[in-house]
Amino acid sequence: MNSQRGEWSSRIGFVLAAAGSAIGLGNIWKFPFEVGNHGGAAFVVVYLFFCFVLCFPVMVTEIAIGRKTNKNPVGAYKALGYKNWSIVGILGVLCGVIILSFYNVVAGWAFGYFLEMIIGNFAIGDQFGAFVSDWFQVGIFSAIFMGTTAFIVARGVSAGIERAAKILMPSLLVIMLFLVIYAFTLPNAMEGLKFYLVPDFSKISLKVMYSALGQAFFSLSLGMGALITYGSYLSSRENIVSSAALITLADVGIALIAGLMMFPLVFSQGIEPTGGAGLIFVTLPGVFQSLGPVLGVVIGSLFFLLLSFAALTSTVSLLEVPVSYAVDELGMKRKMAVWSIAGLIFVIGIPSLLANGASDFWSKFIELPGVGMTDFMTFIGYLANDSFLPLGGFLVSVFAAYVWKKNKLHEQIAIGQDHYAGSFVSKFIDVTVSIIAPIILGILFVLTVLNRFFGVDVI
Ligand code: TRP
């Protein structure tokens with residue numbers, strides 16, 4: 001049965017593909033601007049806490065459910081005998097569709113910037129607003145991006161997804177380290193580092209907490225069953241705990257490095273760190289320009305190319321979730337499922353394409369009591385990333401601990417590793433999945449919704 005569904009060719013293949021899913025625009029584009037919007041280092045501290053204490057055990061749980069059942073998120077709950085819970089899987093599949101619909105637009109920006117850097121158009125940083133409001137051009141870039149994603153997913157698990165991740169991830173790391181070193185040599189770099197690394201704990205508020213939580217779930221690709229799906233292709237020889245640890249460390253590591261790169265650059269250019277979604281797109285072209293015409297073009301285009309690749313290994317995982325659902329549950333052929341779902345999601349993404357200045361309606365979509373006037377893309381981001389993902393994490397934890405039951409979860413985790421039973425890690429996972437995660441995720445989910453969508457002042 002497994003041989004037909006596909007399987008990762010090796011543990012490192014799985015880890016790289018899952019890390020490829022985790023590492024993406026969330027780390028390099030979103031993390032720095034979230035830090036900037038939420039007061040700097042204090043946000044980073046809360047974020048790290050959530051990643052390691054809450055998210056890591058949830059990741060182990062998702063992978064275990066996937067490996068146990070060899071199924072997509074909807075089929076997984078059914079396979080364990082809990083048909084009603086498959087609604088959680090359906091929520092996850094829908095969430096993947098929504099996230100991919102706008103993620104692909106931002107990926108289109110990254111790809112477009114790659115082309116601008118090749119022709120040495122460093123002025124594009126100042127024209128970010130005009131660039132993103134040109135819906136036709138961005139639409140073409142996004143269509144190319146979705147097409148490439150579909151092409152990789154259509155090739156299947158090990159030949160497509162795994163091979164791409166193995167080459168691209170390490171290259172990205174090298175180029176970012178180069179930019180970190182360069183950033184440190186610039187004037188005002190220290191101020192940027194201070195903002196990023198010296199926490200002012202009085203800045204921790206409810207908004208900081210739920211934004212950090214949403215960011216952690218988004219960045220680690222948790223809460224919608226992406227890792228149930230990736231876990232479903234994992235062989236039972238492999239160690240889930242150490243794989244999840246590697247994935248988490250890689251993801252957090254890249255986000256932290258992205259911050260080390262961005263804040264010195266932002267401060268050295270005298271740009272406000274609260275620049276929001278435009279932060280890297282406004283800041284970086286000027287930096288590349290300062291490297292001189294040759295080096296600037298080389299480093300600038302490489303950076304945005306690799307950013308596009310990082311986004312690609314993430315869009316691949318987002319598309320894989322609805323595709324695995326359509327293949328397993330609806331009996332569709334893989335190729336057919338891939339291309340029709342990719343096309344559908346592209347269409348669903350059109351409002352996001354228009355939400356950055358092209359159309360007034362989508363750009364001023366809704367007045368949120370907790371936030372103010374909000375464009376459509378930001379709005380569905382709040383909904384999917386900050387609300388549904390933590391909700392999904394809550395539900396998967398409650399399911400694993402109380403419905404499927406802890407002993408079955410631990411039994412599955414223990415396969416493929418020695419000395420799991422009774423270890424510190426097993427106790428930590430136990431307490432988190434059954435107590436800490438349900439409580440914190442449940443509370444923060446409710447408060448997020450009340451605060452952001454109903455304007456209730458909770459703290
Ligand atoms: N984690 C990716 C990023 O940081 C985005 C992503 C891919 C994702 N797959 C996901 C987010 C599944 C949530 C769920 O860019």
Side-chain angles (χ1 to χ4, degrees), residues 24-26 29-31 33-34 37-38 47 50 54-55 58 73-74 87-107 142 206-226 276-277 314-315 317-319 321-322 325 341 344-356 359 361-396 440-458:
L25 297 171
W29 164 68
K30 196 158 179 287
F31 177 72
F33 87 68
E34 292 283 344
N37 279 345
H38 296 104
Y47 172 76
F50 283 149
L54 267 187
C55 295
V58 174
V74 181
I87 180 90
V88 178
I90 292 184
L91 253 180
V93 171
L94 289 178
C95 201
V97 168
I98 296 175
I99 293 180
L100 182 52
S101 78
F102 68 81
Y103 196 96
N104 186 57
V105 172
V106 181
S142 303
L206 173 70
K207 210 173 235 148
V208 166
M209 292 214 302
Y210 70 63
S211 304
L213 182 72
Q215 173 62 21
F217 264 74
F218 182 79
S219 187
L220 290 164
S221 301
L222 288 178
M224 52 157 269
S314 300
T315 51
S317 80
L318 286 161
L319 183 58
V321 174
Y325 165 72
I341 294 173
L344 181 71
I345 295 178
F346 181 78
V347 173
I348 297 176
I350 290 177
S352 297
L353 202 54
L354 299 173
N356 296 285
S359 127
F361 176 77
W362 298 107
S363 306
K364 300 198 177 90
F365 183 65
I366 190 169
E367 171 98 40
L368 288 179
V371 199
M373 196 46 100
T374 308
D375 68 273
F376 179 76
M377 190 169 105
T378 309
F379 172 70
I380 55 171
Y382 289 159
L383 213 59
N385 306 348
D386 297 354
S387 312
F388 289 166
L389 294 180
L391 175 65
F394 168 78
L395 292 169
V396 88
I440 297 191
L441 293 175
I443 293 178
L444 275 182
F445 166 71
V446 173
L447 295 183
T448 312
V449 173
L450 287 178
N451 182 264
R452 201 157 248 173
F453 298 106
F454 297 95
V456 178
D457 246 341
V458 229

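Quick caveat: nothing in here was measured; it's all calculated off a predicted structure.
Taking the six-membered ring where tryptophan is involved, the planes of F376 and F365 are perpendicular, since the angle between them exceeds 60° and thus also 30°. Classified by interplanar angle (parallel below 30°, tilted 30° to 60°, perpendicular above 60°), the ring pair F218/Y103 is tilted.
Residue N451 comes nearest to V456 through the heavy atom pair ND2-O, 3.0 Å, listed as atom of the first residue, atom of the second, then distance. The two residues L368 and R452 have their closest heavy-atom pair at CB-O, 3.8 Å. M209 approaches F50 most closely through the heavy-atom pair O-CE1, 3.3 Å. When every heavy atom of A384 is checked against every heavy atom of I98, the shortest pair comes out as CB-CG2, 4.1 Å. Residues S352 and F102 approach most closely at OG-CB, 3.5 Å, considering heavy atoms. Here the shortest heavy-atom pairing between V58 and G393 reads CG1-CA, 4.4 Å.
Checked by atom type and distance alone, the side chain of S363 never pairs as donor or acceptor with a backbone atom of F361 at under 3.5 Å. Of the possible polar contacts, one joining the S387 side chain to the Y382 backbone as a donor-acceptor pair under 3.5 Å is found. Judged purely by atom type and a 3.5 angstrom limit, D375 has no side-chain atom pairing as donor or acceptor with the backbone of N356. With K207 contributing its side chain and G370 its backbone, the two residues share a donor-acceptor pair below 3.5 Å. Distance alone, capped at 3.5 Å, places no donor-acceptor pair between the Q215 side chain and the N385 backbone.
In this structure, CZ in F445 is found 7.0 Å from CZ in F388, a value given to the nearest 0.5 Å.
Counting heavy atoms from C-beta outward, L213 and L441 have side chains that approach closer than 4.5 Å. For the pair L389/C95, a side-chain contact is recorded, criterion being any heavy-atom separation below 4.5 Å from C-beta on. Within the 4.5 Å cutoff, the side chain of I341 has heavy atoms near those of the L319 side chain. Taking the side chain as every heavy atom from C-beta outward, S211 and N37 never approach each other to under 4.5 Å. Counting only heavy atoms from C-beta outward, the side chains of I345 and N104 never approach each other to under 4.5 Å.
Among residues two or more places apart in sequence or in another chain, the side chain to side chain donor-acceptor pair (under 3.5 Å) test is passed with T448 by none.
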